[in-house]
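As structure tokens, the structure follows; a few thoughts come after it.
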2 protein chains.
Amino acid sequence: MKPNARAKLLDAAFGTIRERGYAATSVDELCARAGVTKGAFFHHFKSKDALAAAAADHWSQTTASLFASAPYHDHADPLARILAYIDFRKDLVRGEIAEFTCLVGTMVQEAYETAPDIRGACWRSISGHAQTLEEDIQAAIEKYHVNGVTAESLALYTQATIQGAFILAKAKNDAGVAIDMIDHLKRYVELLFTCKGREGRRP
Amino acid sequence: MKPNARAKLLDAAFGTIRERGYAATSVDELCARAGVTKGAFFHHFKSKDALAAAAADHWSQTTASLFASAPYHDHADPLARILAYIDFRKDLVRGEIAEFTCLVGTMVQEAYETAPDIRGACWRSISGHAQTLEEDIQAAIEKYHVNGVTAESLALYTQATIQGAFILAKAKNDAGVAIDMIDHLKRYVELLFTCKGREGRRP
DNA sequence: TTATAAATACCGACCGGTTGGTATGTTGTC
DNA sequence: GACAACATACCAACCGGTCGGTATTTATAA
């Protein structure tokens with residue numbers, strides 16, 4: 001049905017770009033890893049940048065289905081769902097660094113100035129994923145009477161923290177530091193919703 | 001005293017790498033921006049990777065002197081110093097994105113797998129800067145009787161959050177979102193030190 | 001059902017420009 | 001005259017991208 005080479009190239013891009021970055025990834029290397037020829041590459045993508053933008057979009061779809069089927073939605077309390085989401089993100093941090101870090105977070109640092117299409121695709125990926133958290137956050141804000149924070153801003157903050165955790169893991173060459181950072185994020189959410197003289201933990 | 005071309009190349013590296021990333025920055029472009037020739041480049045640096053590692057070390061020194069002379073140290077209370085540090089980081093977020101984002105945070109994403117020397121220099125830069133916060137954090141932890149958090153871990157968390165804020169700013173092409181993220185960091189620190197039935201706000 | 005036209009998927013040699021790096025000067029200073 | 005600090009010319013490898021061609025699938029109509 002769908003062309004095979006295209007899917008293999010997008011899959012190869014996930015791996016190679018997360019390992020070496022976008023600019024350092026050559027079209028030839030991508031083709032070799034995907035087991036296709038250069039002709040196939042430029043048949044499916046009009047340029048290397050177009051492949052990158054397509055990879056970012058494909059990343060959005062891949063992560064969307066991963067998180068949609070994840071178990072953290074199965075809590076009655078919205079705050080419990082948020083905390084379970086954070087735990088789930090922590091559980092994903094295992095194996096090689098290139099296997100759990102974020103494709104679009106890596107790419108956007110190289111492309112934000114020079115490639116607007118890639119930048120836009122990366123932002124759609126990050127903000128689109130953040131939006132899937134907004135409903136739960138909004139419900140928790142109302143249930144626990146938190147003020148001074150918007151659901152959109154807090155949702156983005158979870159993503160910022162996780163992206164930063166990945167940078168530290170890469171710099172230290174140690175996944176453990178990323179887990180520590182996500183623990184801080186969880187503590188922040190707990191404090192935010194259960195402290196500071198707010199009305200009730202269970203309304 | 002110190003050779004001129006070397007300093008000009010390191011300065012050019014700060015700008016170019018933060019704009020386009022490391023791999024996309026060519027030696028020729030660096031030389032053109034610095035106003036020196038290729039011969040001068042390879043006289044001072046044995047390879048492009050060596051320049052990158054030297055730039056990361058120079059970044060450490062530059063930021064160290066910037067923060068050493070910053071006014072946030074002038075508070076009697078250690079928590080006030082930490083919060084003033086966060087405010088100072090927020091104040092630095094202005095102008096073009098490439099002017100306030102972090103060189104080593106950008107570079108390490110491209111180099112962590114393939115260039116151990118660059119990765120090490122980037123980690124020294126990040127963790128070294130975090131260490132300058134540890135003394136204040138440790139004092140605040142003791143003064144406000146906070147437990148469950150180490151000074152080292154919280155210091156690194158401030159850096160992770162700020163790095164993540166930069167990624168979001170690049171993706172959205174908007175510095176404002178970075179400021180929002182740093183506001184969350186400040187709120188976390190405030191909650192951490194003043195909530196949850198801890199003994200006293202002022203001992 | 002089958003002949004055929006048209007579109008799609010893919011191949012791999014090739015191209016001009018760019019890349020990081022080198023080899024060999026030249027110049028100024030102690 | 002020794003040595004560091006540059007400058008100039010050059011190179012082989014690699015880069016993204018093109019192009020003429022072929023294999024395979026799909027659409028159409030007799």
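Below, all heavy atoms of this structure are taken into account, side chains as well, without hydrogens, waters or symmetry copies. Just so we're on the same page: letters track the sequence lines, and every chain starts at 1.
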Nearest-neighbour nucleotide for the B:Ala40 side chain, D:dC6, C:dG21, C:dC10 considered: D:dC6
Tell me the interatomic distance from B:Phe42, atom CZ, to D:dA5, atom P, rounded to whole angstroms. 17 Å
Would you kindly give the CZ-to-P distance between B:Arg6 and D:dA4, to the nearest whole Å? 15 Å
Go through D:dG16, D:dC6, C:dC11 for me and flag the one nearest to the A:Val27 side chain. D:dG16
B:Asn4 CG - D:dA4 P separation (whole Å): 18 Å
Which whole-number value in Å describes the distance from A:Glu29 CD to D:dC15 C1'? 12 Å
The answer to which of A:Tyr22 and B:Gly39 contacts DNA chain D further toward the 5' end, by nearest nucleotide, is B:Gly39
Residues A:Asp74, A:Arg81: salt bridge by 4.0 Å N-O rule: no
Interatomic distance where CZ belongs to A:Phe41 and C1' belongs to D:dC19 [whole Å]: 17 Å
d(NZ, A:Lys46; C1', C:dC10) in whole Å: 20 Å
Measure distances between side-chain N and O atoms of B:Lys48 and base N and O atoms of C:dG21, and say whether any donor-acceptor pair falls under 3.5 Å. no
Below 4.0 angstrom from OP1 or OP2 of C:dC10, is there any side-chain N or O of A:His43? no
Out of D:dC6, C:dG21, D:dC15, whichever nucleotide has its closest atom nearest the side chain of A:Ser26: D:dC15
Strictly below 4.0 Å, N to O, side chains only: are B:Asp11 and B:Arg33 in salt-bridge contact? no
Closest listed nucleotide, where the reference is the side chain of A:Val36 and the choices are D:dC6, D:dT18, C:dC11: C:dC11
Send over the distance from B:Asp28 CG to D:dC15 C1', rounded to a whole Å. 14 Å
Atom CD of A:Glu113: over 12 foreign heavy atoms under 6.0 Å: yes
Please determine if a side-chain N or O atom of B:Thr37 lies less than 4.0 Å away from the OP1 or OP2 oxygen of D:dT8. no
Mutual orientation of the aromatic rings belonging to B:Tyr157 and A:Tyr157 [parallel < 30°, tilted 30-60°, perpendicular > 60°]: perpendicular
When you measure from the side-chain N and O atoms of B:His44 to the phosphate of D:dA5, is any distance below 4.0 Å, counting only OP1 and OP2? no
Under 6.0 Å from the six-membered ring centre of B:Tyr112 and within 45° of its axis: does the NZ or CZ of A:Lys172 meet both? no
